[in-house]
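What follows is a short report on a single structure.
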Amino acid sequence: SPLLGRLASTEYLTMAFPVKKVSVPINSEVFKTLSGSYYSDSYYFCSSKPGRVALQIWIDHASKIPSWVNFLMASRNKIVSVFGLNNIGHLGDLDANKLLCEYQVGDRVGIFTLLFLSDNEIILGDSDKHLDVNVSVYTEVGKPHEVSMSTVVHVHNFLGKLYMFFVKPMHKLIVPSSIKRAEGSDA
């Protein structure tokens, strides 16, 4: 199948750019949002392109989202519209004309809103009546090549839990695969 072929094509990147599942970094701002969360995870990797600020890392990764992920996002958007949820678009729907230095807290970065911004960490979020999602890109001060991408989700009701039931398994495939693709390719 084309989907499995695309997944397998990123397999060679696993050895060159290992991605490890870790705890949400205790020194990160997003760590402060963990209390009472329904779901959280964090993936750590050594960047193949050191010296970037957290926002640049996110933009680089979002701009290289695999096509199979965009297919899944389009499918998600069609399915959830039946339940009255918004079409959030694709992860890589970025403003190509916007300079990195122009971003401010409150701005849209693809499908998310920028909630926190520093050189070492960004927190992007999306909220609705069913759940709140925070995504963090974090680099430890003095170690800009060591990156953690964390997700923290708070659900508000049954539909939020039902949504996470379907999203969680895909999320666990998408994040490591997307990291490997972005870190292993200059295209």
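All figures in this text were calculated on a predicted structure; none of them were measured in a lab. Note that the numbering runs from 1 along the sequence shown for the chain.
- Tyr39 and His171 get closest at one heavy-atom pair: OH-CD2, 3.5 Å.
- Taking both residues in full, the closest heavy atoms of Ser37 and Val152 are given as CB-CG1, 3.7 Å, listed atom of the first, atom of the second, then distance.
- With sequence neighbours excluded, no residue satisfies side chain to side chain donor-acceptor pair (under 3.5 Å) with Tyr38.
- In this structure Thr113 satisfies the side-chain contact (heavy atoms from CB on, under 4.5 Å) test together with Arg108, Leu115, sequence neighbours excluded.
- No donor-acceptor distance shorter than 3.5 angstrom exists from the side chain of Asp41 to the backbone of Lys21, with no hydrogens or angles considered.
- Between the side chains of His156 and Asp132, at least one donor-acceptor pair of N or O atoms lies under 3.5 Å.
- No donor-acceptor pair under 3.5 Å is formed between the side chain of Ser178 and the backbone N or O of Val175.
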Output, in order, the C-alpha distance, side-chain angles, deciding distance and verdict of side chain to side chain contact (heavy atoms under 4.5 Å, CB included) for Glu183 and His61. CA-CA 8 Å; Glu183 290 298 314; His61 283 227; 2.7 Å; yes
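- Within the 3.5 Å criterion, the main-chain N or O of Ser136 finds no donor-acceptor partner in the side chain of Ser150.
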Check residues 94-102 and write down every donor-acceptor pair under 3.5 Å in which the side-chain atom is one partner and the other belongs to a residue at least two apart or another chain.
unit_1 : atom_1 : unit_2 : atom_2 : d
Asp95  : OD1    : Asn97  : N      : 3.0
Lys98  : NZ     : Asp107 : OD2    : 2.9
Glu102 : OE1    : Leu99  : N      : 2.9

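- A donor-acceptor contact shorter than 3.5 Å links the side chain of His154 to the backbone of Thr33.
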Assess the residue pair Tyr163 and His130 against the criterion (side chain to side chain contact (heavy atoms under 4.5 Å, CB included)); give the C-alpha distance rounded to whole Å, side-chain angles, the decisive distance to 0.1 Å, and a yes or no. CA-CA 9 Å; Tyr163 179 81; His130 305 296; over 6 Å; no
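- Note: the hydrophobic cluster containing Val24 does not contain Ile179 (ILVMFWY, side chain heavy atoms under 4.5 Å, direct or indirect links).
- Follow the hydrophobic side-chain contacts under 4.5 Å out from Phe112 and you reach Met164 in the same cluster.
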Worked verdict on Gln104 versus Leu117 for side chain to side chain contact (heavy atoms under 4.5 Å, CB included): CA-CA 7 Å; Gln104 297 178 27; Leu117 174 63; 5.6 Å; no
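- Without hydrogens or angle criteria, Glu29 side chain to Ile123 main chain gives no donor-acceptor distance under 3.5 Å.
- The two atoms that bring Pro25 and Phe31 nearest to each other are O-CB, 3.3 Å, heavy atoms only.
- Across all non-hydrogen atoms, the minimal contact from Lys172 to Tyr43 is CA-OH, 3.8 Å.
- A heavy-atom distance below 4.5 Å is found between the side chains of Asn27 and Tyr138.
- Taking a cutoff of 4.0 Å between a charged side-chain nitrogen and a carboxylate oxygen, Lys49 and Asp60 do not qualify as a salt bridge.
- Following chains of ILVMFWY side-chain contacts shorter than 4.5 Å, one can reach Trp58 starting from Val105, so the two form part of one hydrophobic cluster.
- Val133 and Val30 fall into different hydrophobic clusters, where Ile, Leu, Val, Met, Phe, Trp and Tyr side chains are chained together by heavy-atom contacts under 4.5 Å.
- A single hydrophobic cluster is seen to contain both Leu114 and Ile57, as judged by linkage of ILVMFWY side chains at heavy-atom distances under 4.5 Å, directly or through other members.
- Residue Lys143 qualifies as open at atom NZ: its count of foreign heavy atoms under 6.0 Å is 12 or below.
- For the pair Ala54 and Ser118, the tightest heavy-atom approach, listed with the atom from each and the gap, is CB-O, 4.3 Å.
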